[in-house]
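Reading through the structure tokens given below for one structure.
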Amino acid sequence: MQKFTQEDTPIFQALNQQRLNRLVHFDVPGHKGGRGNKELRDCLGENIIKLDMNSMKPLDNLCHPSSVIQEAQRLAAEAFCADEAFFIVNGTTAAVQAMIMSVCKEGEEIIMPRNVHRSAINALVVNGAIPVYVNPGVNKHLGIPLGMSIQAVKEAMQEHPDAKAILVNNPTYYGICSDLRQIVELAHERGMRVLVDEAHGTHFYFGDGMPISAMEAGADMAAISIHKTGGSLTQSSLLLTRNTVNGDYVRQVINLTQTTSASYLLLSSLDIARKNLYLHGKDMFRKTVDHALYARKEVNKLGGYYAFGEELIDGDEVYQFDPTKLSIHTRDIGLAGIEVYDLLRDDYGIQIEFGDIGNILAILTSGDRDLEIERLIAALSEIKRLHAKDKAGLFDHEYINPQIVMPPQKAFYSEKESLLFEDSCDRICGEFVMCYPPGIPILAPGERITKDILRYIAYAKEKGCFMTGTEDMRIEHINVVK
């Protein structure tokens with residue numbers, strides 16, 4: 001086989017060669033290069049749709065890679081300083097779930113912060129592992145959850161010495177990082193694996209002056225959304241591993257849930273993004289940081305808003321801060337984050353990543369243009385001028401400590417009944433309730449429904465947060481354990 005280097009794209013090169021070979025296709029996909037669906041061809045473009053091929057010998061097979069996919073994954077591992085890398089086409093959700101299911105079995109414990117993405121708790125529903133939650137710190141002014149303090153991690157490990165692993169969010173959606181290196185040391189001293197949800201941390205591997213990456217910190221596994229800040233297509237991600245875990249077993253676990261019909265468009269985008277990151281990542285993320293520094297400075301000049309950054313670092317619950325993040329606190333102008341989010345989209349044609357109860361987040365990359373950043377700043381200024389009001393009555397926190405009553409799997413599969421939200425107080429939740437994004441559950445299966453949580457949900461709905469998770473698509477009823 002050809003020896004590939006970081007300047008190559010093994011999957012894309014093989015895929016493009018098959019397109020140029022002008023094969024006659026009596027296989028799937030059924031659109032036959034777009035001839036069977038001309039509207040789709042005209043929408044996506046002829047080259048793209050002709051590259052949408054099925055697995056065949058020259059293109060390798062994601063479930064059991066032995067040629068070009070194997071080589072592409074080897075290059076990715078090298079680029080990200082891992083021992084192995086696995087291409088994921090079911091989103092980082094699949095990578096997070098594969099990490100947990102690779103190290104924990106039914107009835108075994110895993111330590112994690114409660115402000116995890118729903119994918120982590122979904123994994124517990126599927127495989128029956130038991131969560132040991134560490135409540136994150138909370139910034140009382142911003143109302144946002146922070147990282148895990150080392151003392152809280154130590155206490156959890158001491159109280160649950162048989163836990164198999166600890167999962168760390170690094171960074172959080174807001175850019176907050178925990179002391180990952182020390183958490184790794186504490187866990188490995190006790191024989192625990194360290195899993196890192198690094199969905200928003202692609203740039204940690206390539207940018208200068210970034211927080212420590214999971215692989216550099218010595219973590220055993222990390223799930224990375226390359227599509228978020230790394231330039232691949234939506235739904236494409238990486239799972240990185242160290243030799244402290246059995247890579248062949250991890251591949252088997254991935255194959256329990258990952259599609260057997262992997263999209264070569266997604267795989268090629270991972271291949272091309274890795275090359276671009278390796279060759280140009282430093283410049284890309286230097287530009288991104290410059291954008292973020294300028295935007296934070298200008299937003300803070302407006303008054304009322306607070307674009308927070310590295311000044312939050314306290315050496316513990318905020319051990320490091322992601323300098324690319326543009327997270328902006330909005331409550332002091334009398335508006336919930338979701339209200340500013342809606343105004344930006346509906347009145348100014350600006351789509352940001354999310355708005356929650358008190359903050360908004362704009363994702364910046366090197367692909368942004370100076371004029372667009374100026375447009376965002378100008379829109380925020382005008383929103384303040386036109387819509388600012390007294391902040392009395394606004395919710396002042398994003399995170400409520402959960403009361404855990406039973407394991408997520410047991411609660412989710414228990415006999416349940418549907419109640420109106422207002423009638424569910426003190427009952428045990430049998431499903432998820434969350435705002436999306438960011439997809440962090442307000443309620444998860446097995447948690448007690450409290451007055452504070454019900455007030456929060458009602459407020460989030462009133463302000464226009466996009467609520468998901470319940471069986472009731474109108475989010476009026478909730479399933480509780482009988």
Side-chain angles (χ1 to χ4, degrees), residues 90-91 93 97 114-126 143-145 173 234-235 330-331 335-347 351-361 387 393-482:
N90 285 23
T93 287
Q97 293 173 350
R114 174 53 181 78
N115 60 321
V116 290
H117 188 264
R118 67 172 295 177
S119 58
I121 304 178
N122 283 349
L124 307 181
V125 169
V126 173
I144 63 170
Y173 234 130
T234 296
Q235 200 175 309
T330 65
R331 192 181 298 115
L335 295 175
I338 186 63
E339 293 175 307
V340 176
Y341 170 98
D342 286 338
L343 287 167
L344 284 169
R345 183 194 61 245
D346 296 342
D347 293 357
Q351 180 65 57
I352 58 173
E353 178 69 8
F354 80 82
D356 55 29
I357 299 302
N359 305 276
I360 59 173
L361 171 66
H387 301 283
L394 292 181
F395 253 60
D396 62 357
H397 57 281
E398 296 291 338
Y399 180 76
I400 301 173
N401 290 345
Q403 297 179 20
I404 313 301
V405 182
M406 64 174 61
Q409 186 186 62
K410 182 178 180 181
F412 188 83
Y413 289 111
S414 292
E415 288 294 316
K416 290 173 284 202
E417 61 178 320
S418 178
L419 299 177
L420 288 168
F421 269 93
E422 55 263 36
D423 297 330
S424 67
C425 190
D426 291 329
R427 299 295 295 272
I428 301 170
C429 184
E431 56 186 353
F432 291 92
V433 183
M434 73 201 79
C435 300
Y436 193 88
I440 298 168
I442 302 167
L443 275 169
E447 297 176 0
R448 189 171 302 283
I449 303 169
T450 65
K451 289 181 181 178
D452 280 348
I453 288 172
L454 289 175
R455 280 197 293 267
Y456 182 97
I457 292 171
Y459 182 83
K461 289 172 66 177
E462 174 193 333
K463 291 297 183 183
C465 291
F466 181 61
M467 309 292 291
T468 71
T470 56
E471 184 178 309
D472 175 14
M473 294 293 288
R474 295 184 298 277
I475 322 291
E476 295 172 354
H477 295 77
I478 185 169
N479 286 335
V480 300
V481 176
K482 281 189 177 181

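- Take K416 and apply the salt bridge (Lys or Arg N to Asp or Glu O under 4.0 Å) test, not counting sequence neighbours, and it matches no residue.
- Applying the ring-ring contact (aromatic ring centres under 6.0 Å, His included) test to every pair with at least one member in residues 400-432, sequence neighbours left out, gives no pairs at all.
- A 4.5 Å side-chain heavy-atom check between K463 and E339 finds at least one atom pair inside the cut-off.
- Taking both residues in full, the closest heavy atoms of A411 and P445 are given as CB-C, 3.7 Å, listed atom of the first, atom of the second, then distance.
- Judged by distance alone, with hydrogens and angles left aside, the side-chain atoms of T470 form no donor-acceptor pair with the main-chain N or O of V433 at under 3.5 Å.
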Start with the C-alpha distance between C465 and K461, add both sets of side-chain angles, then the distance that settles side-chain contact (heavy atoms from CB on, under 4.5 Å), and finish with yes or no. CA-CA 6 Å; C465 291; K461 289 172 66 177; over 6 Å; no

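- Listed by chain and residue number, E417 satisfy the side-chain hydrogen bond (donor to acceptor under 3.5 Å, both in side chains) test with R427 (two or more places apart in sequence, or in another chain).
- Residues satisfying the salt bridge (Lys or Arg N to Asp or Glu O under 4.0 Å) criterion with D347, sequence neighbours excluded, are absent altogether.
- Residues I338 and I357 have side chains not in contact (no heavy-atom distance under 4.5 Å, counting atoms from C-beta outward).
- In terms of the salt bridge (Lys or Arg N to Asp or Glu O under 4.0 Å) criterion, R118 has no residue partners (sequence neighbours excluded).
- Taking the salt bridge (Lys or Arg N to Asp or Glu O under 4.0 Å) definition, one finds that R114 meets it with E447, sequence neighbours left out.
- Scanning both residues, M434 and P441, for their nearest heavy atoms gives CB-CA, 3.7 Å.
- Looking at every heavy atom in both residues, S424 comes nearest to L454 through OG-CD2, 3.7 Å.
- Counting heavy atoms from C-beta on, the side chains of L443 and I449 come closer than 4.5 Å.
- With contacts defined as side-chain heavy-atom distances shorter than 4.5 Å, the pair T450/C425 does not qualify.
- With a 4.5 Å cut-off on side-chain heavy atoms, Q409 and L124 do not count as touching.
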Quiz: residues 473-482 side-chain donor-acceptor pairs under 3.5 angstrom, not counting sequence neighbours:
{"unit_1": "H477", "atom_1": "ND1", "unit_2": "D472", "atom_2": "OD2", "d": "3.3"}
{"unit_1": "N479", "atom_1": "ND2", "unit_2": "E431", "atom_2": "OE1", "d": "3.4"}
{"unit_1": "N479", "atom_1": "ND2", "unit_2": "E471", "atom_2": "OE1", "d": "3.1"}

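- Within 6.0 Å of the CD atom in E415, the count of heavy atoms belonging to other residues, nucleotides or ligands does not exceed 12.
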Let's go through F395 and R455 carefully: what are the C-alpha distance in whole Å and the side-chain angles of both, what is the deciding distance for side-chain contact (heavy atoms from CB on, under 4.5 Å) to 0.1 Å, and is it a yes or a no? CA-CA 10 Å; F395 253 60; R455 280 197 293 267; 4.0 Å; yes

Yes or no on side-chain contact (heavy atoms from CB on, under 4.5 Å) for H387 and L343, after CA distance, side-chain angles and deciding distance? CA-CA 10 Å; H387 301 283; L343 287 167; 3.8 Å; yes

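- No hydrogens or angles considered: a donor-acceptor pair under 3.5 Å links the side chains of Y341 and Q351.
- Partners of Y173 by ring pair (Phe, Tyr, Trp, His ring centres under 6.0 Å), not counting sequence neighbours, listed by chain and number: H200, F354.
- F466 is linked by a ring pair (Phe, Tyr, Trp, His ring centres under 6.0 Å) to nothing, counting only residues two or more places apart in sequence or in another chain.
- When the side-chain hydrogen bond (donor to acceptor under 3.5 Å, both in side chains) test is applied to D423, no partner is found at least two apart in sequence or on another chain.
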Residues 400-408, side-chain donor-acceptor partners within the protein, below 3.5 Å, at least two apart:
none

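- Atoms OG1 and CD1, from T468 and I442 in turn, are 8.5 Å apart once rounded to the nearest 0.5 Å.
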Might you work through the side-chain contact (heavy atoms from CB on, under 4.5 Å) test for I352 and L361, ending with a clear yes or no? CA-CA 7 Å; I352 58 173; L361 171 66; over 6 Å; no

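- Listed by chain and residue number, H117 satisfy the side-chain hydrogen bond (donor to acceptor under 3.5 Å, both in side chains) test with S119 (two or more places apart in sequence, or in another chain).
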